[in-house]
Amino acid sequence: MKNLEFLRELNPAQAEAVKTVFGSLLVIAGAGSGKTRTITCRMAYLVAQGVPPEKILLLTFTRKASKEMIKRAESLLKMDCDRIMGGTFHSLCQYMLRFYGHLLGYKPNFTILDRGDTEDLINLLRNSLGLAERKKRFPRKDTLANIYSKMINQQKGLEEILTSEYPQFLDHYHEIEKLFVEYINYKREHQLMDYDDLLLNWLEILKNFPQVRKEVGERFEFIMVDEYQDTNILQGEIIKYMGEIHKNIMVVGDDSQSIYGFRGANYKNIFEFPKLFPDTKIIKLEQNYRSTQRILDLANAIISNSEIKYTKNLFTFKKEGKKPVLFKAKNETESSKFVADRILELREKGVKLSQMAVLFRSAYHSFDLEVELTKRGIPFLKYGGLKLLESAHVKDFVSFLKIISNPEDFLSWHRVLLLLEGIGPKSTEKIINYLKQNSSNIPHALEKLTFQFLLKEFKELVVFLNEMWKNKISPSETLLNVWNFYKPVFERVYYEDYYKREKDIEGLIALSEKYDTLEEFLTDLVLEPPEISDVEKPVKDEDFLVLSTVHSAKGLEWHTVFIISLIEGRFPSIYSINNEEELEEERRLFYVAVTRARENLFLIAPMTVYIPDEGKTLAKLSRFIKEVPSSLLEYYREKTENIPSENGKKFKVGDMVKHPHFGVGEVIEILSSEKIKVFFEEKGSTLLHLKYTNLEKLI
DNA sequence: CCGTACAATGTTTTT
DNA sequence: CATTGTACGG
């Protein structure tokens, strides 16, 4: 028997969850309730009891999370557990399909389409079906990809999705349906799978091949699933089949932290679980080890405003702590300054930058702050938002790699050919058609094409690719070679800002050094898309502030958390305010954000924001703050509070005013009850005497 | 048929 | 704001 000392650190509920290893188990784990610790201890406990690591399957939300948990289990046991199978649902399915995909007619080296590839393919098919040249507006490729993915993930028909979410496109029902049929066929014919296919195809194999079900069912004796509230119907079914034999399944989740509804996730999956496995034992973890009482009070208040009644109530034995601070900033600039000021103050007091985070609903909400941080020399890393793979130049670059890895990847051919000088859509189509007809010997076909297309860059491409196909070299060498070839094209195509884009490619090359094969590298790129920050700032030891979308902050915690842009339309997002269900999800999202904080929590709302066409617009404080008792918050004092003027007109900094001569302006400073400074678009900042001026207050 | 210049158009969250 | 569509000249 191994050393089980680590069990002593658990509270009774956690210990019970760890020791209940047989049968199905549902753990409802509140934010900060030691969920990760429970899962890692349980893995360690299983291994200590003599379970071979390869019989354990751990499904988490990111592969980073699963690696981290396995590493922690290893350190508890002081032995290797790397044979534990861990990863995301998508990576598990990918792995299984490489092995069993032949049952559905797939080769082991099928290509996985990322979101961009999916859209490109849909676009290609839309054009070839002639659906693009219609007078009535047809949905864009990204919208189409969304509709398709929703159908799969929510297991609903096209009509249902269109009616409920895209009624404006109902007229195109038949065209869309036809397009999707083409899309499915094309993928089948060309050995392609999108994200959804990974789940769908694996599930299909499980359903239809009892022998496979038996094999994998026997292999995985113990299954653990983290973040179960963010799984969808397909994932739930996959678990059902894979756990069918041993029925030792533990799922961990928190219904009040479900934030992936847009992806088909359904927090109700949690309540379905006991129905799927009738003898499920339920354990609740309600003691919070992370946040102070004051922060928890706010969190509980937020979630209590939900229509839905959630399953638990968090409590803590931690000290009371400081009240969360609410700061209503005049505008975004002031909001950014406030955040930067507090960050510098805290750093003076010894809080490391990496122990502070700024969270926001959407990636672009931090643009203003990023400028301010750069100005002040505060280093930061940003998570969420644009992924590296979503920028055009990186897609170009990766397309070369994909062709090298699989010469029959015609989607990538399409992209690459269009880059070459003298080749446009028509030539691309001709070349690809010829390649398709001669796909058994692509190098030969290319050779022939060089006689027809007498273009310098095309010839060079052919020579280059032949070189790459002939010689087996390491992935990073391949990348370097591609870079050499692509660079002149790159500088021509992106002549305006190629020097800014260069570092992304260089980062990618650095990333590739860890891999043994190009195929593994490409698969990882799709299944675990690197953040832009991952390659921009490779210096690991340096201290960085974290900027992150709330979604990407899931499962993490910091000493101090700032939540910015807490205004209507941003948080909650404008897209959700007309939909009760989505609004509930926004509230849960806010709850997730708040519960990331250990000691300090700052809530910031800029009361005016710029909107591209409308210019300066008044913002309303987020409803999520308004609906919480104000006693739970500390209001940050504003420096220039209302100074009432004697003639009865009250102006304060930030007010919009109208002057008979100068037009509309903004109050920027109050000097006395009679003198104020106003900024006018035309005139600049002006000192005005209220006694002599007829100033009209607009807002 | 290609490339360029300009206009329009929507902008969440992610495997 | 940066991609995506359109118009036009080469």
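Every chain is numbered from 1, with letters handed out A, B, ... down the list of sequences. Below, all heavy atoms of this structure are taken into account, side chains as well, without hydrogens, waters or symmetry copies. Everything numeric in this text was worked out from a predicted model, so none of it was measured.
Each of A/Glu421 and A/Ile259 lies near DNA chain B, and the nucleotide nearest A/Glu421 is the one positioned closer to the 5' end. Position along DNA chain B of the nearest nucleotide to A/Pro425 versus A/His551 favours A/Pro425 as the more 5'-ward residue.
A/Phe571 has its ring centre less than 6.0 Å from the ring centre of A/Phe590.
Nearest nucleotide to the side chain of A/Ala363, out of B/dT12, B/dT13, B/dT15: B/dT13. Closest to the side chain of A/Ser362, from the set B/dT15, B/dC2, B/dT12, is B/dT12. Taking only side-chain atoms of A/Thr62, from C-beta outward, the nucleotide of B/dT15, B/dT11, B/dC2 with the closest atom is B/dT15. Relative to the side chain of A/Ser427, the nucleotides B/dC2, B/dT15, B/dC1 differ in distance, and B/dC2 lies closest. Listed candidates were B/dT12, C/dT4, B/dT14. Nearest to the side chain of A/Lys141 is C/dT4. Between B/dT12, B/dT14, B/dC1, one nucleotide has an atom nearer to the side chain of A/Tyr260 than all others, and that is B/dT14.
Between A/Tyr486 and A/Phe490, the two ring planes are tilted [angle within 30° to 60°]. Ring planes of A/His90 and A/Tyr195: perpendicular class, angle over 60° (limits at 30 and 60°).
Comparing the same atom, C1', in C/dG5 and in B/dT12 gives a spacing of 24 Å after rounding to whole Å.
For C/dG5, one of the phosphate oxygens OP1 or OP2 lies less than 4.0 angstrom from a side-chain nitrogen or oxygen of A/Arg126. Remark: A/Thr549 is in phosphate contact with B/dT14, judged by side-chain N or O atoms under 4.0 Å from OP1 or OP2. Remark: A/Ser552 is in phosphate contact with B/dT14, judged by side-chain N or O atoms under 4.0 Å from OP1 or OP2. Between A/Lys426 and B/dC2, a side-chain N or O to OP1/OP2 separation shorter than 4.0 Å is absent.
By the 4.0 Å N-to-carboxylate-O rule, A/Glu457 lies close enough to A/Arg492 to be salt-bridged with it.
For the pair A/Ala593 and A/Val561, the tightest heavy-atom approach, listed with the atom from each and the gap, is O-CG1, 4.2 Å. Residues A/Arg596 and A/Lys554 come closest through the heavy atom pair NH1-C, 4.4 Å.
Across all strands shown, A/Glu585 has no heavy atoms under 4.0 Å from either base or sugar-phosphate atoms. Heavy atoms of A/Tyr364 sit nowhere under 4.0 angstrom from any nucleic acid atom. Note on A/Ile423: only backbone sugar-phosphate atoms sit closer than 4.0 angstrom, heavy atoms only; bases stay farther off. Across all strands shown, A/Gly261 has no heavy atoms under 4.0 Å from either base or sugar-phosphate atoms. Across all strands, A/Ala392 comes closer than 4.0 Å to no nucleic acid atom at all (heavy-atom distances).
In this structure, A/Phe367 places its CZ atom 7 Å from P of C/dC1, rounding to the nearest Å. To the nearest angstrom, P of B/dT14 lies 16 Å from CG of A/Asp196. Between the P atom of B/dT14 and the OH atom of A/Tyr383 lies a distance of 14 Å, rounded to the nearest Å. The CG-C1' distance, from A/Leu198 to B/dT14, rounds to 14 Å in whole Å. If you take CZ of A/Arg361 and C1' of B/dT13, they are 5 Å apart, rounded to a whole angstrom. In this structure, the CG atom of A/Asp142 is 9 Å from the C1' atom of B/dG10, given to the nearest Å. Protein atom NZ of A/Lys387 is 14 Å distant from nucleotide atom P of B/dT12, rounded to whole Å. Atom CD in A/Gln229 sits roughly 15 Å away from atom C1' in B/dT15 (whole-Å rounding).
For B/dT13, the base is stacked against the aromatic ring of A/Phe262, per a cut-off of 5.5 Å between centres and 30° between planes.
Cation-pi geometry between A/Lys207 and A/Tyr241 is not met: the NZ or CZ atom fails to fall both under 6.0 Å from the ring centre and inside 45° of the normal.
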